[in-house]
Amino acid sequence: MKLLSALPLSLPVSLIAAPLALSAPPAAAQDSPPPRIDVAQADTNNDTLTIGAGAAYMPTYQGSDDYVLTPLVAARGQYKGVSFFTRGAHLFVDLMPTPPGPTWDFAAGPVVGADLNRTGRVGDAQIRALGKRRIAIEAGGYVGIGKTGVITSDYDSLSFRVSYIHDVGKVHGSYIVTPALDYSTPLSKSVLVGLTVSADYVGAGYAHTYYDVDAPGALRSGLPLFTAHKGWEDYTIGAIAGFSLSGDLRHGAILVVGAGYSRMLNDFAASPVTSVAGNPNQFYGAVGLGYTF
């Protein structure tokens, strides 16, 4: 779940990219007829693809208090019963078939992607003095469970998933575990809203790579020495809204807006990377256009 290749930061981009990925409604909503028609009549074998692009205003690195406007892209789709979606620079593939109608849906599959935290533009001179990080290529998997038809109608969707990814190279040589809870509901054929809550638990290697300040780094940057330990890195809360420009969320163009807040925790908030050069409170906003084929 960590970053888009075009973006300078990590986890929360997954939140900002989510509105674009959700420019198509949840699978059950995509494959269901409009309201007041029996959901059991839905064709769950339809192939679909939604792509989106836009711009996000976000911190220049995880824990930064400098912000930048940057492009982002996202995608979501289904092909022959296999669905996929992007979260930031990570691709999730669900190999479990989606049952028709308002029922429980189990998800499981691989995750691949990249972490670009502190690999691009960094506004703070002290963080620049610590040096850039190389792109971390990460791979792993996820499991999840969801249900369509939960609160407001037969078409709203609630899902929970946990992903585990690990650096397959030698950048941070560690892992990230991310539980996430998503809720979305179509308010009409042309309006979709959603909420998401997630958190990150990271290993010691990740903590050292992005939050430590060693002796040479302290000398170059003027920041105090610091050693970070594994633990909960942050939590993120976000909201999205999608507005169909064609009058039907299942097809055509959609305008998407999103906003989110992330709070750094534990050593990741206490690190001088955040507490001195940055800020533990992180804010995000995005606007984009998506198209469902």
Might you point out which heavy atoms bring W232 and A199 nearest each other, and give the distance in Å?
CZ3-CB, 3.8 Å
Heavy atoms only: give me the nearest Y284-P59 pair and the separation to one decimal.
CE2-CD, 3.1 Å
With under 30° as parallel and over 60° as perpendicular, where do the rings of H229 and H208 fit, or are they tilted in between?
perpendicular
Identify whether L195 and I145 are in the same connected component of the hydrophobic contact network (ILVMFWY, side-chain heavy atoms under 4.5 Å).
no
Taking the side chain from D248 and the backbone from R250, do they hold a donor-acceptor pair closer than 3.5 Å?
yes
So, does D156 use its side chain to make a donor-acceptor pair with the main chain of I151 at under 3.5 Å?
yes
Ion pair R161/D182, N-O distance below 4.0 Å:
yes
Say you draw a straight line from OG1 of T50 to CZ of F85; how long is it, rounded to the nearest 0.5 Å?
13.5 Å
Side-chain (D234) to main-chain (M264) donor-acceptor, under 3.5 angstrom:
no
Does the side chain of I127 come within less than 4.5 Å of V273's, by heavy atoms?
yes
Would you call P186 and L249 a side-chain contact if the rule is heavy atoms closer than 4.5 Å?
yes
Do the side chain of R133 and the main chain of G131 share a donor and acceptor less than 3.5 angstrom apart?
yes
Using modelled atom types only, decide if a donor and an acceptor are shared between the side chain of T86 and the backbone of A75 within a distance under 3.5 Å.
yes
For the residue pair A269 and P280, what are the closest heavy atoms and their distance?
CB-CB, 4.1 Å
Using side-chain heavy atoms (C-beta onward) and a distance below 4.5 Å, is V202 in contact with H172?
no
Exactly one of L91, I165, T178 clears side chain to side chain contact (heavy atoms under 4.5 Å, CB included) with V111, and that residue is I165
Do the side chains of F243 and V257 get nearer than 4.5 Å, heavy atoms only?
yes
Spatial distance of atom OG1 (T209) from atom CZ (R134) [nearest 0.5 Å]
9.5 Å
Closest approach of S198 and A180, non-hydrogen atoms and distance?
CB-CB, 3.9 Å
About how many Å separate CG of N117 and OG1 of T60, when rounded to the nearest 0.5 Å?
9.5 Å
Assess the side chains of S262 and T236: does a donor N or O sit below 3.5 Å from an acceptor N or O?
yes
Inter-residue atom distance S190.OG - I254.CD1, 0.5 Å rounding:
9.0 Å
Check the side chains of Y210 and E233 for a donor-acceptor pair under 3.5 angstrom, ignoring hydrogens and angles.
no
Shared ILVMFWY cluster between V191 and L255, side chains joined below 4.5 angstrom?
yes
Contact between D105 and T148 at the side-chain level, heavy atoms closer than 4.5 Å - yes or no?
no
Determine yes or no for a side-chain-to-main-chain donor-acceptor pair under 3.5 angstrom, with D47 supplying the side chain and K80 the backbone.
yes
Distance, nearest 0.5 Å, that separates NZ of K230 from CG of N266:
13.0 Å
Y201 and Y175 aromatic ring geometry - parallel, tilted or perpendicular at 30°/60° bounds:
parallel
Is it possible for you to say whether L95 and Y79 belong to one hydrophobic cluster, with membership spreading through side-chain heavy-atom contacts below 4.5 Å?
no
Do I176 and V143 share a hydrophobic cluster, counting only Ile, Leu, Val, Met, Phe, Trp and Tyr and linking them when any side-chain heavy atoms are less than 4.5 Å apart?
no
Taking the side chain as everything from C-beta on, heavy atoms only, tell me whether F268 gets closer than 4.5 Å to D200.
no
With no hydrogens and no angle check, is any side-chain donor or acceptor of R76 less than 3.5 Å from a backbone partner on L49?
no
For side-chain contact (heavy atoms from CB on, under 4.5 Å), just list the numbers for F226 and D267, CA-CA rounded to whole Å, side-chain angles, deciding distance to a tenth of an Å, and then say yes or no.
CA-CA 9 Å; F226 190 84; D267 281 1; 4.2 Å; yes
Carefully, step by step, assess N281 and Y261 under the rule side-chain contact (heavy atoms from CB on, under 4.5 Å).
CA-CA 7 Å; N281 299 298; Y261 167 76; 2.5 Å; yes
Looking at V122, is its backbone amide N or carbonyl O close enough to the side chain of R128 to form a donor-acceptor pair, meaning the two atoms are under 3.5 Å apart?
yes
When you measure from the side chain of S83 to the backbone N and O of Q78, does any donor-acceptor pair fall under 3.5 Å?
no
Please confirm whether the backbone N or O of A108 pairs with a side-chain atom of D94, one donor and one acceptor, at under 3.5 Å?
yes
Is it the case that one hydrophobic cluster holds both V168 and I135, taking links as side-chain heavy atoms less than 4.5 Å apart, direct or via other members?
yes
Going by the angle between their ring planes, with limits at 30° and 60°, are Y57 and Y67 parallel, tilted or perpendicular?
parallel
Can you tell me how far the CD1 atom of I240 sits from the CG atom of L192, to the nearest 0.5 Å?
5.5 Å
Minimal heavy-atom distance between L225 and A218, with the atoms involved, is CD2-CB, 4.0 Å
Are the side chains of L181 and L158 in contact, using a 4.5 Å heavy-atom criterion?
yes
Residue pair V93 / V82, side-chain heavy-atom distance below 4.5 Å:
yes
Closest non-hydrogen atom pair between V171 and D167, with its separation
N-OD2, 2.9 Å
